[in-house]
Number of protein chains: 4
Amino acid sequence: MAATAAQLCDVGYLNMTIEGVAARAGVGKSTIYRWWPSKAALVVETLKSRSMLSPIELTGDSRADLRAVIASTFQIVTHSPAGMILPALAVDLIRDPAAHEQLHALLRPRRESVLTVIRTIAARGDLPADVDAGLLLDIYSGTLLYRVLLSGEPVTESIIDQLTDLLLSGTAPHILLML
Amino acid sequence: MAATAAQLCDVGYLNMTIEGVAARAGVGKSTIYRWWPSKAALVVETLKSRSMLSPIELTGDSRADLRAVIASTFQIVTHSPAGMILPALAVDLIRDPAAHEQLHALLRPRRESVLTVIRTIAARGDLPADVDAGLLLDIYSGTLLYRVLLSGEPVTESIIDQLTDLLLSGTAPHILLML
Amino acid sequence: MAATAAQLCDVGYLNMTIEGVAARAGVGKSTIYRWWPSKAALVVETLKSRSMLSPIELTGDSRADLRAVIASTFQIVTHSPAGMILPALAVDLIRDPAAHEQLHALLRPRRESVLTVIRTIAARGDLPADVDAGLLLDIYSGTLLYRVLLSGEPVTESIIDQLTDLLLSGTAPHILLML
Amino acid sequence: MAATAAQLCDVGYLNMTIEGVAARAGVGKSTIYRWWPSKAALVVETLKSRSMLSPIELTGDSRADLRAVIASTFQIVTHSPAGMILPALAVDLIRDPAAHEQLHALLRPRRESVLTVIRTIAARGDLPADVDAGLLLDIYSGTLLYRVLLSGEPVTESIIDQLTDLLLSGTAPHILLML
DNA sequence: CACTAAACGAGACGGTACGTCGCGTCTTTCT
DNA sequence: AGAAAGACGCGACGTACCGTCTCGTTTAGTG
């Protein structure tokens with residue numbers, strides 16, 4: 001069931017249809033409504049089940065570790081369905097704080113594990129001890145999201161290094177010359 | 001006409017209805033369809049007409065100038081209808097590159113004027129001469145957007161200063177103690 | 001449902017509206033479209049349900065019997081809603097032989113019972129044994145229909161007797177002096 | 001102009017559209033509305049202009065003359081566009097006596113010339129002197145119309161002779177054996 | 001000959017109804 | 001009993017024409 005919901009996410013969140021999911025699952029609509037109050041709840045639960053839980057492995061090289069985290073988010077935003085589904089979902093839920101909270105809960109595990117990585121890097125002394133890990137996460141994630149949605153700039157992998165530099169070395173974003 | 005479309009944006013982009021707009025404008029549906037091919041096009045044009053064109057005034061104090069720019073985006077994202085409409089629109093258009101480009105065109109004037117501010121600051125020597133102004137813009141805008149949509153963190157004004165510090169001084173985001 | 005369709009036939013077939021029927025029935029439009037593919041089909045079925053099934057009672061007096069049949073058609077054509085609806089329907093269906101056939105099927109029971117009356121009269125010897133009952137029916141029905149639709153002549157009850165005479169006695173239609 | 005209206009009658013009266021006529025004539029809609037108050041009026045006038053005015057030539061053979069008249073109506077009803085347009089028009093106008101009258105006026109010339117034929121036949125003594133020519137006309141016309149619209153019987157040329165016999169000889173309609 | 005006024009083409013306008021789609025609820029049917 | 005199937009009331013979709021209404025632009029006719 002949740003499986004077919006995910007399947008349907010290949011038509012995009014906005015074009016996804018509860019009737020479509022039901023048909024694809026060989027199931028009555030009422031069965032879906034019995035379990036989930038809304039399309040958003042169904043999608044949230046579906047995403048929760050097949051979460052992006054590749055645990056992050058630390059190498060000891062702080063730059064490499066942070067870069068890996070950012071690169072992973074880059075991949076999700078630019079190349080995975082979730083990169084399009086999550087913002088759509090968030091936008092759909094803006095007016096419903098309760099559902100919005102559920103969405104955050106869904107993202108929390110991933111968020112926590114990234115925060116841990118950042119704090120580990122800070123503990124190594126490669127970031128300030130009092131680093132605001134949450135903000136740091138928001139910065140690179142938000143930048144990537146904004147590039148895709150609204151900036152109009154092409155989104156290339158070079159941004160991964162630019163963000164890594166900015167966050168790790170405090171380097172303002174220089175123009176990066178492509179080779 | 002465009003006026004009433006904007007009016008209807010107080011029910012939100014997703015709940016906005018072309019029939020609703022037509023009714024509110026005292027106009028036939030066909031009149032709307034004659035001029036705009038889709039809801040998205042109507043909204044883009046509406047936003048274009050009543051654009052947020054408060055020109056940015058430079059003070060000579062680079063920190064104050066950059067902070068003002070960021071604060072202005074903060075206001076839009078958190079307190080203006082456009083803060084909710086633009087992401088919804090972007091999400092709606094993800095699958096249509098042509099329309100997406102129109103959206104970027106809509107945002108370009110504002111973007112350009114901010115880029116000019118950043119380059120001015122760089123010219124003053126308060127940012128590196130080869131600063132990537134576009135990326136810098138994406139960073140603070142994206143961070144603010146992400147906070148509202150997906151982060152789950154409360155969004156307070158303190159983030160304005162944190163972002164200003166990060167971008168201007170290259171300071172990694174420290175935890176900011178509220179007073 | 002069919003009831004309200006019939007009700008709406010008091011605005012006439014051409015002015016009847018599926019939305020109007022739906023509203024009057026307190027029903028969604030889709031419910032109507034789920035059951036009938038078109039306005040014509042809906043009307044045909046409605047007419048079928050509330051058919052003019054007053055069985056014809058024979059008196060033994062052939063002239064009286066035939067006159068009663070013609071008079072009944074006269075009533076329908078001149079004073080019942082069906083008199084206006086049926087031609088409108090037939091005209092609407094001219095281009096669709098399948099639907100046209102359905103219309104004939106609707107009329108068939110009435111037609112058959114009239115044919116039986118005519119054959120009974122023939123069996124009594126009051127009409128030729130090899131009378132073409134179908135043609136006879138078409139003659140008086142068609143004449144009445146034509147009078148109402150296209151002739152421009154006033155349609156009075158005197159025509160009933162004229163047709164009866166013509167068909168029964170083989171009398172060419174004389175001018176009938178009104179008393 | 002009237003020409004193109006007639007042209008459009010090859011999509012049928014019901015599917016004919018004033019916008020379509022205007023487009024086909026290379027003319028603005030307003031020009032049409034300037035001259036005709038309604039679709040029906042336009043069609044009436046169009047038909048009037050290209051009327052079926054083949055004058056009826058008498059041969060002296062009453063049977064042949066009457067048969068020719070009936071056969072001509074048979075042709076119109078079964079094989080000419082007018083055969084479908086006129087009933088549609090009449091049905092459309094049922095609720096508007098004034099327009100209905102215009103329709104009768106349109107048909108009057110043809111009607112009159114047929115009435116003359118009938119009266120001539122009567123004058124020859126081949127029909128009763130006090131024959132109701134109008135009714136006679138209505139009978140054969142109506143029968144033909146009814147056959148096409150509502151009877152469900154196949155419409156063959158044999159009916160021409162049957163009607164001729166009935167009206168001329170007072171013969172009740174016998175079953176006609178096809179050879 | 002120039003001027004004016006009508007009729008013109010074009011097509012936007014406020015509407016109405018169309019037939020389709022998907023919603024979220026409710027009922028029936030079968031296992 | 002619980003799920004599949006799917007009908008239901010609803011309401012927005014995007015389309016097609018309606019009949020009305022400006023708009024310039026011909027195109028005569030008249031002064």
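Naming convention: chains lettered A, B, ... in sequence-line order (proteins, then strands); numbering from 1 in each chain.
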Any side-chain N or O of D:Trp35 under 4.0 Å from OP1/OP2 of E:dC8? yes
Rounded to the nearest 0.5 Å, what's the gap from CG on C:Leu107 to NZ on C:Lys48? Could you check? 10.5 Å
Heavy-atom distance under 4.5 Å between the side chains of B:Lys39 and B:Ile32, does that happen here? no
Supply the atom-to-atom distance B:Ile76 CD1 to B:Leu144 CG, rounded to the nearest 0.5 angstrom. 10.0 Å
Using a 4.0 Å heavy-atom cut-off to protein, can you give one letter per nucleotide of nucleotides 17-27 of chain E, 5' to 3': B if the base is in contact, S if only the sugar-phosphate is, - if neither? SBBBBBBBBB-
Between D:Val77 and D:Val148, what is the shortest heavy-atom contact and its length? CG1-CG2, 3.3 Å
Ignoring hydrogens and angles, write down the donor-acceptor pairs under 3.5 Å from the side chains of residues 82-96 of chain A, residues two or more places apart or on other chains.
| unit_1 | atom_1 | unit_2 | atom_2 | d |
| --- | --- | --- | --- | --- |
| A:Asp92 | OD2 | A:Tyr13 | OH | 2.5 |
| A:Asp96 | OD1 | A:Ala98 | N | 3.1 |
| A:Asp96 | OD1 | A:Ala99 | N | 3.2 |

Could you tabulate the donor-acceptor pairs under 3.5 Å formed by side-chain atoms of residues 14-31 of chain D, not counting sequence neighbours?
| unit_1 | atom_1 | unit_2 | atom_2 | d |
| --- | --- | --- | --- | --- |
| D:Asn15 | ND2 | D:Val11 | O | 3.4 |
| D:Glu19 | OE2 | D:Lys29 | NZ | 2.9 |

Tell me whether the OP1 or OP2 atom of E:dA7 has a side-chain N or O from D:Thr31 closer than 4.0 Å. no
Chain D reaches DNA chain F, atoms under 4.0 Å from its heavy atoms, from F:dC17 to F:dC21
Mind checking what makes side-chain hydrogen bond (donor to acceptor under 3.5 Å, both in side chains) contact with B:Thr46, not counting sequence neighbours? none
I need the full list of ring-ring contact (aromatic ring centres under 6.0 Å, His included) pairs touching residues 77-110 of chain B, with sequence neighbours left out, sorted by first then second residue. B:His100-B:His104
